[in-house]
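What follows is one structure encoded as structure tokens, with my remarks underneath.
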Amino acid sequence: MTRIRIKDILKTEPQGQQISVKAWVRTFRSNQFIALNDGSTNNNLQVVVDFGNTDEGVLKRITTGAAISATGNLVASLGKGQSVELKASSIEIIGDSDAEKYPLQPKKHSLEFLREIAHLRFRTNTFGAVFRVRNSLAFAVHKFFNDKGFLYIHTPIITSSDAEGAGEMFRVTSLDILNPPKNETGQVDYAQDFFGKSTNLTVSGQLEGELAAMAFSDIYTFGPTFRAENSNTARHLAEFWMIEPEMAFFDLKDNMNLAEELLQYVIRYALDSNGEDIEFLSQRLEEEEKQKPQNERSEMTLLNKLKFCLDNNFERLTYTQAIEILRECNHNKKKKFQYLVDKWGVDLQSEHERYLVEKHFKKPVILTDYPKEIKSFYMRQNDDGKTVAAMDILFPGIGEIVGGSQREERLEKLETRMKEIGIPVEELSWYLDTRRFGSCPHAGFGLGFERLVLFVTGMTNIRDVIPFPRTPKNCEF
RNA sequence: UCCUUCUUAGCUCAGCUGGUUAGAGCACAUGACUGUUAAUCAUGGGGUCCCUGGUUCGAGCCCAGGAGAGGGAGCCA
């Protein structure tokens, strides 16, 4: 008999039809009721043991975590917790699970503990919900861009460019690190390395993405990126997934519009297709918040927060306006910021971003037109000579979720800026070719996928929204 | 990398001013249970008190060094 997924079984009208299910045991109560889960939904299927047809030996092997197969009739449940249940005529143990050794117990576990057994945490309610939502969001990203006619471009994972400037890189080499070949000056001779030169893992696909946009007009990348920064926070990973669209003939405003539309689209998609999972996560969060003192609790539930994002436009303002607001706010005047906001040109600290998003506007904020000194070389210089056409989208509880800009398309301005900051122009000659041949205004942004998943699931540590997190001093599994 | 808190049973934690045999709840095992909802009841087993060194008659507790984790900051997505 064909296996039916539990998600589909639970939607079926129970008429005593015979069905077969294969899944894992979550709990076994009263020596009679098995809560079965196959990962297709957060809800379990209740299987009722028929004592006449089940021998004692099999009953003993129905333990938490065991894989079993059950066949029987689907009927309306006599109990209160569920609408349907499977009256099992036969139960078969597919894979035993020694309850004494199985780390997942039918009880609440801390997220920190589950992180240590990341290979098993998929089997919990919380992580089941998180990774189903993650899947929906990933699919929604592709659907959004595909529906708009964007081309999905695969940019390289290994790169020879070390001029992207987005952070420390992981070196890729096949040389013997204990005894590397040296050149005349005593340096490691990368000419003898696999690629004949020094290579690294990519920190961003943007520059390659721009090349493609200069032919296909609208493209996006969605792939892993790597940063060897020694960042120990709940918002950083050494290996994370990034979405980087790049659009020819777009200016900064078009760029912002697209980013906002994308974010709202994927949040709506997740709510529509994984409403139950998000509902579960929302309730989980509410329970957790009850442990906190009143003033630390969030004003909105996760569900309301997500709906609020869909119903309200993101607040847009320039860096200069933000500095004004911060300088004039009572918080600053009462010297409650650790870093006081005094003059134009300083980089915003995360306490300032949080104030703007969580206290002042109470909604997502798009900040634009930053001072050129604190932004990257490729951002388009504004006419004021001081700022660049950059935009950051700040989300409550997350901080920067999107960073983007209109790109500098004028060859001379770009080259001058690169020389000012000390970026080797010759090494990026291939990049500058886009400005030499048929250059045009274009724009793009990077969206940190895990930060998006954080926001939509309401989780607070980024290590809990990627299956196997890579962080400093941690590369398990 | 900096600041800060923590590390005791499988998990979550308690452990007084340094003092005898280190505790609880849950989990697990055994038994009971034919309508349970993280079932319930009874009984039972379970410890490298993170590691190394020191102080002391005596260290889970004090001191030094190290490792790991949480929270905050910087860097960023």
Side-chain angles (χ1 to χ4, degrees), chain A residues 25-35 43-52 54 59-60 63-65 75 77-82 85 87 97-117 124-125 164-168 203-206 224-244 259 291 296 337-339 347-354 374-376 392-395 398-404 445-455 460-466 471-474 476:
Chain A
V25 175
R26 282 290 173 84
T27 62
F28 184 34
R29 285 184 295 269
S30 194
N31 215 15
Q32 190 185 6
F33 303 99
I34 310 166
N43 299 311
N44 300 325
L45 172 68
Q46 172 155 288
V47 173
V48 186
V49 171
D50 177 359
F51 289 91
T54 316
L59 225 48
K60 278 266 180 268
T63 55
T64 305
V75 298
S77 178
L78 299 173
K80 284 209 179 82
Q82 56 285 316
E85 64 190 19
K87 273 215 168 310
S97 171
D98 184 344
E100 204 164 353
K101 293 182 183 141
Y102 187 56
L104 290 174
Q105 303 161 0
K107 58 173 283 192
K108 190 179 165 69
H109 287 299
S110 67
L111 295 174
E112 290 82 3
F113 171 66
L114 293 172
R115 217 170 283 152
E116 290 171 13
I117 50 166
T124 63
N125 287 331
E164 289 164 41
E168 288 293 310
V203 292
S204 162
Q206 180 198 315
T225 49
F226 310 87
R227 308 248 168 119
E229 300 285 350
N230 191 13
S231 297
N232 294 284
T233 80
R235 269 164 270 105
H236 290 86
L237 291 165
E239 175 181 300
F240 65 100
W241 290 67
M242 191 152 59
I243 296 136
E244 295 179 288
Q291 315 290 322
E296 284 176 29
F337 284 129
Q338 203 184 336
Y339 296 90
D347 208 351
L348 296 177
Q349 304 289 318
S350 59
E351 60 176 340
H352 304 136
E353 295 180 350
R354 273 212 310 278
I374 59 175
K375 287 292 178 184
S376 302
D392 282 1
I393 302 186
L394 310 176
F395 262 35
I398 311 287
E400 187 179 340
I401 194 167
V402 164
F445 60 86
L447 165 63
F449 185 57
E450 280 76 19
R451 289 193 180 170
L452 172 67
V453 182
L454 265 186
F455 182 72
T460 49
N461 194 315
I462 202 161
R463 292 155 204 206
D464 295 330
V465 297
I466 188 167
T471 52
K473 298 282 184 312
N474 182 4
E476 295 300 310

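Not measured: the values here are computed from a predicted model. Per chain, numbering begins at 1; letters A, B, ... match sequence-line order.
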Self-check item: A:Q32 side chain, from C-beta outward: closest of B:G70, B:C28, B:U34
Solution: B:U34

Exercise. Please list, chain by chain and in numerical order, all residues satisfying side-chain contact (heavy atoms from CB on, under 4.5 Å) with A:N44, sequence neighbours excluded.
Key: A:R26, A:A35, A:N37

Quiz item: With sequence neighbours left out, what residues match A:D50 under side-chain hydrogen bond (donor to acceptor under 3.5 Å, both in side chains)?
Solution: A:N53

Quiz item: Would you say B:A73 has OP1 or OP2 under 4.0 Å from some side-chain N or O of A:R235?
Solution: yes

Quiz item: Of A:N474 and A:E400, whose closest RNA chain B nucleotide lies nearer the 5' terminus?
Solution: A:N474

Quiz item: Which residues satisfy the side-chain contact (heavy atoms from CB on, under 4.5 Å) test with A:N230, sequence neighbours excluded?
Solution: A:N232, A:P472

Quiz item: Heavy atoms under 4.0 Å, any strand shown: does A:Q46 hit a base, just sugar-phosphate, or nothing?
Solution: base

Quiz prompt | Short side-chain N/O contact from A:R354 to OP1 or OP2 of B:A73, under 4.0 Å | solution = yes

Self-check item: Short side-chain N/O contact from A:K101 to OP1 or OP2 of B:C11, under 4.0 Å
Solution: no

Quiz item: Would you say the side-chain atoms of A:R115 pair up with the backbone N or O of A:D464, donor to acceptor, closer than 3.5 Å?
Solution: no

Quiz item: Distance between the P atoms of B:G58 and B:U48, in whole angstroms?
Solution: 24 Å

So which protein N/O to nucleotides 1-5 of chain B N/O distances come out below 3.5 Å?
residue, atom, partner, partner atom, Å
B:U1, OP1, A:N230, ND2, 2.6
B:U1, O4, A:N232, N, 3.4
B:U1, O4, A:N232, ND2, 2.9

Quiz item: Considering residues at least two apart in sequence or located in another chain, which fulfil the side-chain contact (heavy atoms from CB on, under 4.5 Å) criterion with A:A228?
Solution: A:E168, A:F170

Exercise. Supply the atom-to-atom distance A:N474 CG to A:E116 CD, rounded to the nearest 0.5 angstrom.
Key: 9.5 Å

Quiz item: Who are the side-chain hydrogen bond (donor to acceptor under 3.5 Å, both in side chains) partners of A:T27, not counting sequence neighbours?
Solution: A:R29

Quiz item: Say you pick atom P in B:A59 and the same atom in B:U52; how far apart are they, in whole Å?
Solution: 15 Å

Practice problem: Please report, rounded to the nearest Å, how far the P atom of B:U12 is from the CD atom of A:E112. | Solution: 8 Å

Quiz prompt | Atom-pair distance (CG on A:L59; P on B:U30), nearest Å | solution = 12 Å

Exercise. Report the residues that fulfil side-chain contact (heavy atoms from CB on, under 4.5 Å) with A:N43, sequence neighbours left out, ordered by chain and then residue number.
Key: A:L10, A:T41, A:E276

Quiz item: Base, backbone or nothing for each nucleotide of nucleotides 38-52 of chain B, written B, S, -, heavy atoms under 4.0 angstrom, 5' to 3'?
Solution: BB-------------

Quiz item: How many Å lie between CG on A:L78 and C1' on B:U34, as a whole number?
Solution: 11 Å

Quiz item: What distance, rounded to whole Å, do you find between the two P atoms, one in B:A22 and one in B:G45?
Solution: 15 Å

Practice problem: Please report, rounded to the nearest Å, how far the P atom of B:G68 is from the CD atom of A:E116. | Solution: 13 Å

Quiz item: Pairs counted as Watson-Crick or G-U wobble with both distances under 3.5 Å: what dot-bracket string results for RNA chain B, using | for bases tied to another strand?
Solution: (((((((..((((.....[...)))).(((((.......))))).....(((((..]....))))))))))))....

Quiz prompt | ring-ring contact (aromatic ring centres under 6.0 Å, His included) against A:F337, all qualifying residues, sequence neighbours excluded | solution = A:H331, A:H352, A:Y355

Practice problem: Quick one: list whatever passes ring-ring contact (aromatic ring centres under 6.0 Å, His included) with A:F395, sequence neighbours left out. | Solution: A:F314, A:F455

Quiz item: Which residues pass the side-chain hydrogen bond (donor to acceptor under 3.5 Å, both in side chains) test with A:R354, sequence neighbours left out?
Solution: none

Exercise. Find the distance A:L114:CG to B:G70:C1' and express it as a whole number of Å.
Key: 15 Å

